[in-house]
Protein chains: 2
Amino acid sequence: MARKLGSHSEITGPRITSAATTLIARHGFAAVTMRQIAAEVGVQAGALYLYTPDKQTLLFDLMRAHMEELLDAAAAQDFSGPPEAALEAFTRFHIAFHLDRAEPVFVAYMELRSLTPENFEALERLRKRYEETLTAILRRGAADGVFDVPDPAVTTRALIAMLTGLTTWFRDGGRLTRDEIADLYWPMVRGAVRPG
Amino acid sequence: MARKLGSHSEITGPRITSAATTLIARHGFAAVTMRQIAAEVGVQAGALYLYTPDKQTLLFDLMRAHMEELLDAAAAQDFSGPPEAALEAFTRFHIAFHLDRAEPVFVAYMELRSLTPENFEALERLRKRYEETLTAILRRGAADGVFDVPDPAVTTRALIAMLTGLTTWFRDGGRLTRDEIADLYWPMVRGAVRPG
DNA sequence: GTCTATACCTGGATAGAC
DNA sequence: GTCTATCCAGGTATAGAC
């Protein structure tokens, strides 16, 4: 298994993704240059094109990978219990996952408009699949009469916006721990759908 | 009141602001060029520099103007009634104002990272002043025992994120009217802070 | 797989005519 | 106040050596 000196394919690929995510989260896609990404990784700009055909594809692959991880992680959860327990599980899962990955979350949310129309559509489909996880819980609770949810699609977006908003200001090592945050948000989510 | 032909100072200024806001909301600050803005207004790129010293200042002035309008509009409201009535008034005001100005709202939220550090700080101060309007209502309600708000700063951010999230998907002429939206959101806000 | 070098283009911003 | 013309820095992407 001899390997040429200076050959780091399995190392450099992930490092490009990671550096690009950090830089794009901080400065925005259009403001980040291929040279900056390359410098962060420690290679020359031209070397990036061994890993991606162009800058747009680099962004899209990054965003898609993030959304697929999110969907996989959600699929691994058990949201089949009573609606209230399922809603709490979803709330805590969503918070934990999103705080764990503040940078890709931020990119996936902020850079939708930087995608080509086809790539945008593909990502929207993934996002909607994730939203459907929460919508299903809300519908079950409404059917059981334990939730008051006149419009599950609207409530889904409202709750996800509330929870995801966390990532714009929460910082580890601040006044509150992640668990304290989840303990503050869960009663708000619960109350927002509680009848009367 | 003779005016030189081709002199449109009072017309062109606002048109630049408006065109820049639309383009930046759609494509992002870094992706929009001075030439694009000029073309939208119907002048040449060089002419923009009669109205702004540089691109960064154009962005900042736009965002600051928006935040000042928001603060002025909030100051003109009466949030001095009983906490629950004040919270409902704030909710409906916030929704109405933000749906009326989807583009500047989007820019003010998404382009914070495109500002220089000094400009960022200035805008953050304005944003915090606005948040304080809601925090004050929440504190009053908590003191009266009509709201359960263990952490007013966190609840403020959670509620504002929920309400502002609307602007990313609401479109006039869609399934729901603005009033229907407000009637869906107010009970969620109320429930999120309702005791037990 | 990576580097150096570079083609080619478009960006922000300015100068000077009108 | 606006236009035309232009400077020059820096962008993406490619070619060819190693």
Side-chain angles (χ1 to χ4, degrees), chain A residues 1-24 26-63 107 111 113-116 118-119, chain B residues 1-24 26-63 107 111 113-116 118-119:
Chain A
M1 286 304 179
R3 179 179 276 282
K4 266 196 221 117
L5 216 70
S7 175
H8 306 287
S9 175
E10 282 129 37
I11 299 263
T12 305
R15 277 169 52 78
I16 290 171
T17 303
S18 164
T21 303
T22 300
L23 286 168
I24 294 170
R26 194 160 321 169
H27 306 291
F29 175 69
V32 171
T33 72
M34 296 298 267
R35 290 194 239 260
Q36 275 178 280
I37 297 168
E40 191 73 17
V41 173
V43 297
Q44 293 298 314
L48 298 181
Y49 291 88
L50 293 167
Y51 298 88
T52 185
D54 51 44
K55 197 187 173 193
Q56 166 72 209
T57 306
L58 176 60
L59 174 65
F60 177 60
D61 287 346
L62 189 103
M63 292 169 82
V107 171
E111 300 298 346
R113 63 189 173 179
S114 302
L115 294 171
T116 61
E118 311 79 55
N119 288 345
Chain B
M1 287 304 183
R3 178 179 278 283
K4 267 196 220 115
L5 216 70
S7 176
H8 305 287
S9 173
E10 281 130 39
I11 299 263
T12 305
R15 276 169 54 78
I16 290 172
T17 303
S18 164
T21 303
T22 300
L23 286 169
I24 294 170
R26 195 162 317 168
H27 306 292
F29 175 69
V32 171
T33 71
M34 294 299 269
R35 290 189 235 262
Q36 272 178 283
I37 296 169
E40 191 75 18
V41 173
V43 297
Q44 291 300 314
L48 298 180
Y49 291 88
L50 294 166
Y51 298 88
T52 185
D54 51 44
K55 197 187 174 196
Q56 166 71 207
T57 305
L58 176 59
L59 174 66
F60 177 59
D61 287 347
L62 191 103
M63 293 169 81
V107 172
E111 301 299 347
R113 63 188 172 180
S114 302
L115 294 172
T116 60
E118 311 78 54
N119 288 344

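- Taking the side chain to side chain donor-acceptor pair (under 3.5 Å) definition, one finds that B/R113 meets it with A/E111, sequence neighbours left out.
- For the pair B/T12 and D/dG1, the criterion of a side-chain N or O lying under 4.0 Å from OP1 or OP2 is not met.
- Distances shorter than 4.0 Å separate none of the side-chain N or O atoms of A/Q44 from OP1 or OP2 on C/dT2.
- Taking a 4.0 Å limit (strictly below) on heavy-atom distances, residues 13-22 of chain B does not reach DNA chain C anywhere.
- B/I11 places its CD1 atom 13 Å from the P atom of D/dG1, with the value rounded to the nearest Å.
- Listed by first and then second residue, the salt bridge (charged side-chain N to carboxylate O under 4.0 Å, His left out) pairs that reach into residues 46-61 of chain B are B/D61-B/R64, sequence neighbours excluded.
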query: Just by protein heavy atoms under 4.0 Å, how would nucleotides 10-15 of chain C read 5' to 3' in B, S and -?
result: -BBBB-
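- Within the 4.5 Å cutoff, the side chain of A/E40 has no heavy atoms near those of the A/T22 side chain.
- Applying the side-chain contact (heavy atoms from CB on, under 4.5 Å) criterion to B/A31, with sequence neighbours excluded, gives A/A30, B/H27.
- Annotation: side-chain contact (heavy atoms from CB on, under 4.5 Å) contacts of A/A45 (sequence neighbours excluded): A/R35, A/A38.
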task: Please assess A/L59 against A/V107 for the test side-chain contact (heavy atoms from CB on, under 4.5 Å), listing each intermediate value before the final yes or no.
output: CA-CA 9 Å; A/L59 174 65; A/V107 171; 4.0 Å; yes
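- The OG1 atom of A/T12 lies 9.5 Å from the CG atom of A/L48; values are rounded to the nearest 0.5 Å.
- The phosphate of C/dT2 has OP1 or OP2 within less than 4.0 Å of a side-chain N or O from A/Y51.
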- request: Test B/T57 against B/N119 for side-chain contact (heavy atoms from CB on, under 4.5 Å), laying out the working first.
  value: CA-CA 9 Å; B/T57 305; B/N119 288 344; 5.8 Å; no
